Chemist: 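Structure below; questions to follow.
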Amino acid sequence: MKKNINLLNRMRSYSSIFSSTYFFKLLKNGDYKFIDDKIRYYDFEKVGGKINTYNDYIKFVYSELKKEYRNEYVYKNTFINELILKEYGLKDTNVINEFRVGNSVADLVMFNGTSKAFEIKTELDSNKRLSGQLLDYRKLFKESYIVTHENLLDKYLKEDDNVGLIILKQTSRSLKMVKVREAKINNSICFKTLMRVVRTNEYKNIVKEYYGFLPEMNSFNMFSICEDLISEIPTDVLNNLFITELKKRKTNTSKIKLYQKELKQLGLAMNLSDTKYSELITVLNRPINF
Amino acid sequence: MYYPYLRGRQFELIALREYAECKGDNNNIIPIIEPVKKTFNSMKLALPKLIDNSVKFAMILNPKVGEIDSSIDIYEELKELLLLDIWIPAFIVEDDYITLKHKIEGLGFETNNQVMIICSEQTDTNNENFKLLISLDAVSYVVSDDNRSLKSFVHSLGKIIIRLDDKFKGAKRNSDYLTMREEKFTEEHYYFSEDNYEGFSDYTPIISSFIEGGGAPYAVAIHLTYLKTPEEVWIRHFTSVSNSDRANIQGKFAQALTKAVAFLDEQDIHTNASEELRVYYRDSKYPGLGMSKKISIKHHLELVNNSVNR
């Protein structure tokens with residue numbers, strides 16, 4: 001029992017490493033403390049053996065989490081490696097991390113020919129907010145998916161049968177992601193939700209694209225003028241205009257294939273440029289020395 | 001003298017430099033600037049404007065918040081601007097009395113007996129080492145919350161004592177200001193000399209804790225100080241009303257601005273900053289929340305500068 005509690009504490013502690021806040025600080029101020037603390041506390045004796053650089057340590061921590069404590073980071077990262085890169089492909093695709101819709105935040109969303117929202121429910125999560133989240137995603141997205149562990153499949157199959165299901169499968173050597181149920185396509189879109197999700201230039205583009213011009217307006221009234229105009233656009237057309245705009249939003253989706261496999265989700269969440277990413281790798285490749 | 005304590009962020013520094021340019025011949029302000037950014041660009045744009053318009057300033061050389069750590073030498077970064085008699089080297093003292101004393105004794109530049117010591121919550125002003133520190137010849141100014149025994153000790157040394165008050169607590173969320181139309185801000189501008197202080201200090205209409213970043217807020221609030229009576233400065237909060245989500249920040253600014261301009265007109269308030277607000281209102285233009293903060297600060301500086309009871 002004691003061993004299990006120690007393991008759990010260690011995993012919880014590891015789990016906090018993959019945070020954009022800490023990695024931004026590392027890049028900006030060379031602040032390794034968030035990693036050093038874990039090494040000192042749990043893995044001091046490993047340094048000098050198979051672990052020499054910070055990057056070695058990050059890889060080690062990630063493999064431990066994969067085995068013992070599959071948190072949201074592991075899910076997202078596996079999702080990127082196994083589904084986005086191997087199956088969906090990146091061509092003409094925009095992937096956005098933590099996308100706010102209504103009162104919820106979708107873990108990952110994807111825009112290509114269609115729009116998909118993914119809600120991750122790990123073994124560590126509760127499904128308390130799920131029905132509200134799915135309701136929110138349906139206001140904007142054509143397809144909604146739950147991504148969960150294979151052992152929880154039955155529980156989530158009972159949810160709303162419009163929602164698709166993707167499971168994380170553990171094999172002896174690695175983690176796989178498999179789609180077990182397609183989402184049903186939802187063509188409706190709520191203009192009010194849309195207005196509160198898109199940026200100013202995006203709603204202006206939608207109006208311009210559909211009406212061919214922008215009406216006279218100023219920065220104080222443009223939101224309500226555009227909202228009125230957008231409310232008049234037929235649903236299917238609005239849905240396509242929305243997808244087109246979000247595909248144009250600048251993200252670093254096309255770069256994720258270049259990122260090291262443990263760091264893909266981090267790179268996406270931090271929206272790293274090529275230079276920042278190579279800076280990060282340089283910083284991580286420094287030897288650990290106390 | 002009023003010693004507004006400001007963090008060296010972009011819009012605080014713009015407020016300072018615009019204040020320096022619009023204040024006219026009359027100046028009762030010596031800002032205390034705590035640098036918080038590793039890049040000194042905004043600082044290098046602001047300081048020459050203060051210098052050209054004869055606004056003396058204190059520069060904190062050991063900031064306690066923000067990005068600057070001990071590896072950055074603020075004086076080295078700014079030394080071509082920091083010429084004698086136009087600035088006051090300032091240090092925040094915690095309980096590091098002896099270390100700080102050595103630091104001041106070893107200062108590489110000519111201090112001309114001008115150093116400012118700013119007491120913090122950890123400072124024990126009865127500590128003998130603290131007394132030795134402020135007794136240094138180089139030290140001329142001591143900044144502390146209201147503290148009578150310290151005041152008489154500083155006066156016995158023939159130095160200047162400034163009281164620092166945390167006047168603006170701020171609400172947790174901007175929408176909370178909807179139920180708080182206004183609150184008292186300060187009366188020190190009127191009473192500080194009667195209370196035997198040479199100057200008074202506060203954090204202007206910005207909260208004293210240093211919080212960085214922050215996403216789009218649910219509500220927009222514009223804060224404007226005004227003289228409710230000659231003895232009292234109050235702060236009024238003008239808050240947007242449609243606050244259920246983060247969208248349409250421009251429209252929310254318009255709601256807050258409409259209230260603010262109505263108040264300025266009703267009270268017949270005219271400062272350089274208030275006229276700027278009126279222009280945004282007339283042109284229905286959204287300048288960004290940073291500019292809104294700048295206007296609050298600049299307006300406050302102009303107001304206090306014209307109200308200091310000498």
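Reminder, nothing fancy here: chain letters follow the sequence lines and each chain counts from 1. It should be emphasised that the depicted structure is a prediction, and the values quoted were computed from it without experimental measurement.
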Chemist: Is the centre of the F168(B) ring less than 6.0 Å from the centre of the Y203(B) ring?
Modeler: no
Chemist: Which one wins on heavy-atom pair count under 4.5 Å against chain B: K28(A), M222(A), M195(A)?
Modeler: K28(A)
Chemist: Looking at CD1 of I256(A) and CG of N252(A), how far apart are the two atoms once the value is rounded to the nearest 0.5 Å?
Modeler: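 CG of N252(A) is found 7.5 Å from CD1 of I256(A).
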Chemist: Going by the side-chain hydrogen bond (donor to acceptor under 3.5 Å, both in side chains) test, name the single residue among N271(A), N94(A), T93(A) that passes it with T253(A).
Modeler: N94(A)
Chemist: Side chain, backbone, both or neither: which part of N248(B) has a heavy atom under 4.5 Å from chain A?
Modeler: both
Chemist: With a 4.5 angstrom heavy-atom cut-off, is it the side chain or the backbone of L257(B) that approaches chain A, or both, or neither?
Modeler: side chain
Chemist: Checking heavy atoms, do the side chain of K25(A), its backbone, both or neither come under 4.5 Å from chain B?
Modeler: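 No part of K25(A) comes within 4.5 Å of chain B.
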Chemist: Using non-hydrogen atoms and a 4.5 Å limit, figure out which bit of K252(B) sits close to chain A: side chain, backbone, both or neither.
Modeler: neither
Chemist: Tell me, side chain or backbone of R199(A) under 4.5 Å from chain B's heavy atoms, or both, or neither?
Modeler: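 Neither part, no heavy atoms under 4.5 Å.
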Chemist: Answer whether the closest heavy-atom distance between the side chains of T200(A) and K204(A) falls below 4.5 Å.
Modeler: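 The answer is yes; the side chains approach within 4.5 Å.
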Chemist: Are a donor atom and an acceptor atom from the side chains of E276(B) and H299(B) found within less than 3.5 Å of each other?
Modeler: no
